[in-house]
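When reading the values below, keep in mind they use all heavy atoms of this one structure, side chains included, and skip hydrogens, waters and symmetry mates.
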Amino acid sequence: MMIIVYGIKNCDTCRSALKWLSAQNIEHRFHDFRKDGIDASKITAWVGALGWETVLNKRSTTWKGLAEPSRANLDDKRAIALMAASPTLIKRPVIEGGANVTVGFTDTVQKGLKHT
């Protein structure tokens, strides 16, 4: 099964995930939000699986630069629209493997990938 890692190439966590996957000989490919884009339907699927609160990166520079009205009263629809307009608002990396989707690159994610 092909693992797809979504993120941006200059993200340290994405680079760590890609390096780890290669070291584990796990087949994968990288999808760069900035270069390859990302559509709202993909973000909608992630939000459906994990919730917008998990997918939206509120610690990002992009989030901190948003005007307060854009950050207020978020729900699924508004959060998805924000992330589609500014993909760097998506927490990284998003890792898809089959029907599974995870965000971040924790020990728990690594253990799950070893058994994929």
Side-chain angles (χ1 to χ4, degrees):
M1 167 184 24
M2 173 71 72
I3 302 288
I4 304 172
V5 179
Y6 294 85
I8 57 176
K9 72 176 183 177
N10 65 338
C11 171
D12 289 339
T13 308
C14 290
R15 284 195 296 247
S16 293
L18 294 168
K19 185 177 179 180
W20 183 88
L21 287 164
S22 291
Q24 300 297 314
N25 293 317
I26 296 173
E27 188 178 3
H28 63 282
R29 75 175 174 84
F30 181 62
H31 180 102
D32 189 321
F33 294 145
R34 286 193 176 132
K35 186 176 114 193
D36 304 320
I38 192 76
D39 60 38
S41 64
K42 179 62 76 176
I43 299 168
T44 300
W46 296 340
V47 168
L50 302 168
W52 68 265
E53 298 90 344
T54 299
V55 180
L56 180 68
N57 185 359
K58 289 187 174 181
R59 297 188 323 180
S60 73
T61 304
T62 307
W63 174 259
K64 293 172 184 171
L66 289 176
E68 185 56 39
S70 296
R71 299 189 300 186
N73 302 316
L74 286 180
D75 58 14
D76 284 5
K77 187 176 180 180
R78 290 193 62 218
I80 291 165
L82 277 176
M83 290 184 277
S86 298
T88 55
L89 285 170
I90 299 169
K91 207 174 286 180
R92 302 176 296 271
V94 176
I95 301 173
E96 285 184 341
N100 297 324
V101 61
T102 60
V103 174
F105 194 62
T106 62
D107 289 342
T108 304
V109 170
Q110 289 176 23
K111 287 175 188 166
L113 289 168
K114 281 184 180 178
H115 301 337
T116 302

Are any non-hydrogen side-chain atoms of [X] and [Y] less than 4.5 angstrom apart?
X: Val101; Y: Val94; answer: yes
X: Trp46; Y: Glu96; answer: yes
X: Ile4; Y: Ile95; answer: no
X: Ile90; Y: Val55; answer: yes
X: Thr88; Y: Arg34; answer: yes
X: Val103; Y: Leu50; answer: yes

Nearest 0.5 Å please: distance from the [atom1] atom of [X] over to the [atom2] atom of [Y].
X: Thr61; Y: Leu66; atom1: OG1; atom2: CG; value: 11.0 Å
X: Lys42; Y: Met83; atom1: NZ; atom2: CE; value: 14.0 Å
X: Glu27; Y: Leu21; atom1: CD; atom2: CG; value: 11.0 Å

Taking all non-hydrogen atoms of both residues, which atom of [X] and which atom of [Y] are closest, and how far apart?
X: Cys14; Y: Tyr6; value: SG-O, 4.3 Å
X: Ser22; Y: His28; value: OG-CE1, 3.3 Å
X: Pro93; Y: Thr13; value: CD-CG2, 3.5 Å
X: Ile80; Y: Val47; value: CG1-CG2, 3.7 Å
X: Asp76; Y: Trp52; value: OD1-CD1, 2.8 Å
X: Phe30; Y: Lys9; value: CZ-N, 3.8 Å

Between [X] (side chain only) and [Y] (backbone N and O only), is there a donor and an acceptor less than 3.5 Å apart?
X: Ser86; Y: Leu89; answer: no
X: Arg78; Y: Asn73; answer: yes
X: Lys91; Y: Thr54; answer: yes

Mind jotting down which residue pairs meet the salt bridge (Lys or Arg N to Asp or Glu O under 4.0 Å) criterion with at least one end in residues 13-25? Sequence neighbours excluded, please. Asp12-Arg15
Mind jotting down which residue pairs meet the salt bridge (Lys or Arg N to Asp or Glu O under 4.0 Å) criterion with at least one end in residues 48-72? Sequence neighbours excluded, please. Glu68-Arg71
Let me check something: do Ile8 and Ile3 share a hydrophobic cluster, defined by ILVMFWY side-chain heavy atoms less than 4.5 Å apart, either directly or through other members? no
Determine whether Ile38 and Leu82 fall in the same hydrophobic cluster, where Ile, Leu, Val, Met, Phe, Trp and Tyr are linked whenever their side-chain heavy atoms lie under 4.5 Å apart.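 Yes, Ile38 and Leu82 fall within the same hydrophobic cluster.
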